[in-house]
Amino acid sequence: ERNYSWFSSSDFYSSLGLEDFPSVGDISGTDEDTESAILYGTLRGSVVGLRYYTGIVNNNEMVALQREPSNPYDKNAVRVNNVNGDQVGHIKKELAAALAGIMDSKLAVVEGVVPYGAKNVFTMPVQMSFWGREENREAVLDQLKKHGFKLAPPPKGNRFGSKWISGRAGPSYSAPVHAAVQLTTEQLKSEFDKLFEDLKEDDKTCEMEGAETVGTLLLPHQKQALAWMVSRENSNDLPPFWEERSNFYYNILTNFAEEKRPENVRGGILADDMGLGKTLTTIALILTNFQDGKPLPVERITNDKFCTTSIQSVEKKYSDDGPRATLIVCPLSVLSSWIDQFEQHIHQDFHVNIYVYYGSDRSKDPSVLSEQDIVLTTYNILATDYGMRGDSPLHRVKWLRIVLDEGHTIRNPNAQQTKAALNLEGHRRWVLTGTPIQNSVKDLWSLISFLKLKPFTDREWWHRTIQRPVTMGTAGGLGRLQSLVRSITLRRTKTSKVKGKPVLELPERKVLIQHVTLTEEERQVYQSMKKEGKAAISRFFSEGTVLAHYADILGVLLRLRQLCCHPHLCVNTSSSFSADNKTPEELHETLVNKMKLVLSSGSDEECAVCLESLTVPVITRCVHVFCKPCIFEVIRSEQPNAKCPLCRNELRVEHLVECPLEEEIDSSNGKKSDQEWMSSSKINALMHALIELRRDSPNAKCLVVSQFTTFLSLIENPLKESGFAFTRLDGSMAQKKRVEAIQCFQSSQAGSPTVMLLSLKAGGVGLNLTAASRVFLMDPAWNPAAEDQCFDRCHRLGQKHDVVITKFIVKDSVEENMMKIQNKKRELAAGAFATKKPSASEVKQTKINEIKALIDL
DNA sequence: ACCGCCGGGTGCC
DNA sequence: ACCGCCGGGTGCC
């Protein structure tokens, strides 16, 4: 799945050519510039002092070079470590003097391989490779020259042919006879798809029944998944890329060897498509495989003749003090779905202890957690607890098993959630995700690291052995990635087959576009707003201040989109585009309004610093929105003259404004019902369709979806008038109310609601609304992926009918233009994988063209 | 001999 | 380290 949003700050950020401001991309100092690094050349040096250290190395083994500025004998010292992190020696001091400056200023990354690593007593040679950005090459060569060193040019055919430079440590192969050809985008893409293709075959087709305590019959593909997961937890196979040699174990990527058998990953990635039952399979795993393939011992509930229920206690443990509890971490949006599914799938005769570690009353006592069978929590709680160092109960428990649901949540290695997840303790580690490799190999690292797959927990080894070979197209790189992924991942798509039959027989899904024509009056209002907005945006273009007025432009587009739905949505027409001399109070209010605008415009804003969705948004005086912790860190690290990462304007903590509200953001802040209710063309079109539907199939249920919750409110009126029983689900509702709404709607009882008013982003992926077989999408989303996700809430396992989706699109409006760009984005996304970033000017031009196209400029 | 040469002591950063 | 380097002992043929 891809993020299609074209108004994302990260695009702006690259469009401005600011990638190399360390304060932006490199907050923690760990981010490597991997995409644009080139090999400057190589240099032979020596490692000395071997006899003082225990780290040993093999011939051609990769080594890590690590600065050691606190060394009391030489502040230029550079340590040499083996893959395991054990020190082998130091770089000889003259060479270290040359390297220190280069490494400290991050002008280049220096990597080593020891060609004759074995059996040295005092010193050994080391072959060093220098990697960096093109523009730093001269500086690096100069620095080396000053100390009397000169790089040998990269060996011939370095980009694709010779393996030892970037990929596997050795031995050095002769250059191939034929020139290497770079894979095209399409080829690369299809290579990538192949990563998962063979997963369906080989040894993953064994089936296994769930334990007696699993109350639901598993489908064949779920039994396969269960068998695979159980075997992953119990097997003693070597992890990928390790071989057993006479009396030691050998890693064929790094040439590292050790006597201790490397632990296999007792887990992996379950990457089935949404709707195939990852949750159920995981529940089955927990119940079925406690120790040595024996089921989780739980209490049996018995009813005696007096109809009183008692719980028959059982011997709780097979062995004395092993860990018992499974921890499940998921996004808040699917927490209740987990609880539901436990209720649904655990056999009613058994009692399983489930503790939901959420809310302010959560127990701070680790032993309360470790006594459970299952502990459920969210990524936010996990990260918050981890933040208060040392006192996180979750991190003090040794878990039997850790499951990360929606595992792509941890794809950013610098995010607190990721760090918190990586530091959980437990041998069996699982990641559930529908999107294992989004559009880059980079995203995979956090997952692999979480799984504790040696030696990839250290980013350097991941980068040198997998990521760089793949992105540079080095021979064998993709194959290596493929065998890695294959060995730890199970993935089936909705179209995968089991024994010749589709794994899921989903009914058809049709998308219809229903054009709507505005009435004369509506058209007038729309045109005048469009004229006003167009004039303003034209002015921004001619002034060259498009970026500075980003929020205003989004605002114009938002108002036009609202007018397509209903005139009452667009009431805050404070068309105050220029207002410089304001009181602080006015300024504050303006900023808050603009931030709300950006957040509510559905443009899927990301924080330009962490590139994640905005969690605690703050707005700068220059009207750019970031996560609070991110922008604070920028200010801290750049003080005293911090600049906005997006526009380089002055940045000050005291100028930042936080988002004040807790309730759902909806900029159409409807001046509640003080206006008389009236209909609109879109509402008419919807009601017409609903009444027709009721006439033809009275039992059919449908979702009415909009991004504007006030629009949903306006729709309630005619629904009541026409006698529809309906319910509603939006982001502002409390958890309990949501659950009620969903249960009520899913019920098949006579008189249960046939219509659900649904806000586009309510719920999240776990939301199951299969009772509906019709969807009416009232307004197009910026991001077509968000639409698809919404459709999948009813077009999923359990859907009995064909699903028909109707998108209402106003003729000759911004909505039509949005659709055009959506289609273009879809096409682009389908073909684009791991391509070179388009140049800054290209991105900028595209964006400008899109703004123009949206408002017919 | 303010040299050469010898041979013992010694050894990362 | 079966090296280099240091510094003390030593000194025609």
Side-chain angles (χ1 to χ4, degrees), chain A residues 26 28-30 32 37 39-132 136-137 139-152 164-165 169-172 248 251 254-260 455 457-461 463-465:
Chain A
D26 191 12
S28 67
T30 56
E32 264 174 78
L39 179 59
Y40 299 149
T42 64
L43 183 64
R44 180 70 76 103
S46 38
V47 186
V48 297
L50 304 189
R51 65 154 146 170
Y52 301 101
Y53 307 102
T54 54
I56 52 159
V57 282
N58 288 296
N59 291 345
N60 293 310
E61 185 169 329
M62 289 181 170
V63 289
L65 306 187
Q66 181 192 24
R67 279 283 286 125
E68 194 181 45
S70 60
N71 187 300
Y73 303 95
D74 182 358
K75 62 179 173 24
N76 293 326
V78 176
R79 279 177 62 148
V80 178
N81 301 334
N82 70 8
V83 178
N84 211 24
D86 301 324
Q87 183 166 8
V88 177
H90 279 104
I91 292 291
K92 206 167 156 53
K93 62 176 180 295
E94 294 80 8
L95 180 55
L99 295 187
I102 292 170
M103 294 173 79
D104 292 344
S105 59
K106 301 202 162 72
L107 284 174
V109 170
V110 189
E111 298 178 349
V113 172
V114 285
Y116 310 105
K119 298 184 184 144
N120 297 291
V121 187
F122 304 102
T123 68
M124 70 170 87
V126 57
Q127 187 73 21
M128 290 171 296
S129 306
F130 291 69
W131 298 84
N136 292 336
R137 180 206 287 269
V140 170
L141 296 186
D142 274 7
Q143 192 92 318
L144 287 169
K145 200 172 171 185
K146 252 191 264 170
H147 292 86
F149 296 101
K150 188 165 177 282
L151 290 188
W164 64 272
I165 305 166
S172 44
F248 53 92
N251 186 292
T254 59
N255 292 333
F256 174 79
E258 62 183 341
E259 278 175 43
K260 212 180 87 222
T457 39
D458 184 330
R459 195 121 77 113
E460 174 170 352
W461 310 120
H463 189 222
R464 288 176 68 174
T465 58

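Both backbone and side-chain heavy atoms feed into the values below; hydrogens, waters and symmetry mates do not.
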Notebook entry, point to check: So which of residues 94-102 of chain A are in contact with DNA chain B, with a heavy-atom cut-off of under 4.0 Å?
Noted result: none
Atom [atom1] of [X] to atom [atom2] of [N]: distance rounded to whole Å?
{"X": "A:R51", "N": "C:dC3", "atom1": "CZ", "atom2": "C1'", "answer": "13 Å"}
{"X": "A:Y53", "N": "B:dC12", "atom1": "OH", "atom2": "C1'", "answer": "6 Å"}
{"X": "A:L65", "N": "B:dC13", "atom1": "CG", "atom2": "C1'", "answer": "14 Å"}
{"X": "A:K92", "N": "C:dA1", "atom1": "NZ", "atom2": "C1'", "answer": "13 Å"}
{"X": "A:M124", "N": "C:dC3", "atom1": "CE", "atom2": "C1'", "answer": "17 Å"}
{"X": "A:R67", "N": "B:dC13", "atom1": "CZ", "atom2": "C1'", "answer": "11 Å"}
{"X": "A:N71", "N": "B:dC12", "atom1": "CG", "atom2": "P", "answer": "12 Å"}
{"X": "A:Q66", "N": "B:dC12", "atom1": "CD", "atom2": "P", "answer": "20 Å"}

Item checked: For A:D142, all residues meeting salt bridge (Lys or Arg N to Asp or Glu O under 4.0 Å), sequence neighbours excluded -> none
Next item on the list: For A:I91, answer base if it contacts any base atom (sugar-phosphate contacts may also be present), sugar-phosphate if it contacts only those atoms, and nothing otherwise; contact means non-hydrogen atoms under 4.0 Å.
Entry: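 Sugar-phosphate, backbone atoms only, no base.
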Notebook entry, point to check: Contact class for A:D74 (heavy atom, under 4.0 Å): base, sugar-phosphate, or nothing?
Noted result: sugar-phosphate
Notebook entry, point to check: Do side-chain atoms of A:Q87 reach the backbone of A:G89 as a donor and acceptor pair under 3.5 angstrom?
Noted result: yes
Margin query: Would the distance check show the side chain of A:N82 and the main-chain N or O of A:V63 forming a donor-acceptor pair, the cut-off being under 3.5 Å?
Written below: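 Not at all, since once roles are kept as given, no pair shorter than 3.5 Å links the two residues.
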Between [M] and [N], how far apart are the [atom1] atoms? Round to whole Å, please.
{"N": "B:dA1", "M": "B:dC6", "atom1": "C1'", "answer": "15 Å"}
{"N": "C:dG9", "M": "C:dC5", "atom1": "P", "answer": "22 Å"}
{"N": "B:dC3", "M": "C:dC12", "atom1": "C1'", "answer": "15 Å"}

Check: Which residue pairs pass the ring-ring contact (aromatic ring centres under 6.0 Å, His included) test with at least one member in residues 106-125 of chain A, sequence neighbours excluded?
Finding: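 Sorted result for residues 106-125 of chain A: empty, none.
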Note to self: Tell me which pairs pass ring-ring contact (aromatic ring centres under 6.0 Å, His included) where either residue lies in residues 70-96 of chain A, with sequence neighbours left out.
What the structure shows: A:Y53-A:H90
Notebook entry, point to check: Quick one: salt bridge (Lys or Arg N to Asp or Glu O under 4.0 Å) pairs with a partner in residues 84-96 of chain A, sequence neighbours left out?
Noted result: none
Item checked: Any A:K93 side-chain nitrogen or oxygen under 4.0 Å from OP1 or OP2 of B:dC13 ->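 For A:K93, the contact criterion (side-chain N or O under 4.0 Å from OP1 or OP2 of B:dC13) is met.
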Note to self: Which nucleotide, if any, forms a Watson-Crick or G-U wobble pair with B:dC2, using both distances under 3.5 Å?
What the structure shows: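 Paired with no nucleotide.
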Checklist line | Test ring pair (Phe, Tyr, Trp, His ring centres under 6.0 Å) applied to A:F149 - qualifying residues, sequence neighbours left out | finding: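 By the ring pair (Phe, Tyr, Trp, His ring centres under 6.0 Å) rule, A:F149 matches no residue at all.
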Note to self: Is A:F122 stacked against the base of C:dA1, taking the criterion as centroid distance under 5.5 angstrom and interplanar angle under 30°?
What the structure shows: yes
Check: Does A:Y73 stack onto the base of B:dC12, taking stacking as ring centres under 5.5 Å apart and planes under 30° apart?
Finding: no
